[in-house]
Amino acid sequence: MTTIIPNLFIIVAADSKNGIGIKNDLPWHLSDDLKRFKAITTGNTIIMGRNTWFSLPRRPLPNRRNVVLSPDPLNEEGAEEIRSLEAIFDAVDPDTENFIVGGESMYRQFLPHCSKVYLTRVEGEFNTDTFFPELDSQEWKLIEEGETLRDSKSDIPYRYLIYERIV
Ligand SMILES: NC(=O)c1ccc[n+]([C@@H]2O[C@H](COP(=O)([O-])OP(=O)(O)OC[C@H]3O[C@@H](n4cnc5c(N)ncnc54)[C@H](OP(=O)(O)O)[C@@H]3O)[C@@H](O)[C@H]2O)c1
């Protein structure tokens, strides 16, 4: 049976085709979404794959517990290293919210175990080489849908969507 963890969430920004990244970077710069990401994750635990860790311009992200999944030692200051998917289940902090923050391999592996998805739907199609998996409507219910906003710096349109697991 699949273990579903009540305080394990996903946070992701994906374009109209579910693209999330290009050449180990983000396909866009959404300054307002980054601020929201900071507001939601600060004081909590963020869990990421090795590629996403190295994609961060400044790491660790401050005032958060940074957990990084990698089979090999990284020896990077501020990264709490975990070697396997199973080990994450023990590392999830019962007293904070825990966010899978990318990338594709992490979203695919952890989606079955998460209870909520904070999805920023970036409107339009970008050049991407990594993707977020489709959310099955039998499993996920849209509980919040924001209006279309435009990023204050890039003018890119996007919407905030929140999905909750039904089963
Ligand atoms: N749009 C968004 O919201 C968003 C958010 C985050 C990231 N991204 C983008 O996503 C892209 C990166 O995605 P990605 O799939 O290439 O990389 P990733 O998921 O960040 O990292 C993958 C690496 O993590 C390690 N890993 C994953 N699962 C593991 C397991 N079960 N056990 C041990 N190690 C494991 C492996 O490291 P080894 O290689 O050492 O085996 C694997 O190669 C980038 O373009 C990034 O900018 C987008």
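Counting convention: from 1, in listed order, for ligands and their atoms alike. Here the structure is a predicted model, which means the values were calculated and not measured.
Side-chain contact of D32 with S152: a donor-acceptor pair under 3.5 Å is present, judged by distance alone. For the residue pair S154 and D151, a side-chain donor N or O sits within less than 3.5 Å of a side-chain acceptor on the partner.
Within 4.0 Å of ligand 1, counting heavy atoms only, the contacting residues are V12, A13, I20, G21, I22, N24, D25, L26, W28, G49, R50, N51, T52, L69, S70, P71, R83, S84, L85, V101, G102, G103, E104, S105, M106, Y107, Q109, T130.
Cation-pi geometry between R121 and Y158 is not satisfied (NZ or CZ under 6.0 Å from the ring centre, within 45° of the ring normal).
For R165 (side chain) and K116 (main-chain N/O), no donor-acceptor pair under 3.5 Å exists by modelled atom type.
The number of heavy atoms from other shown groups lying within 6.0 Å of CG (N63) does not exceed 12.
Using a 4.5 Å heavy-atom cutoff, the side chains of Y107 and I20 are in contact.
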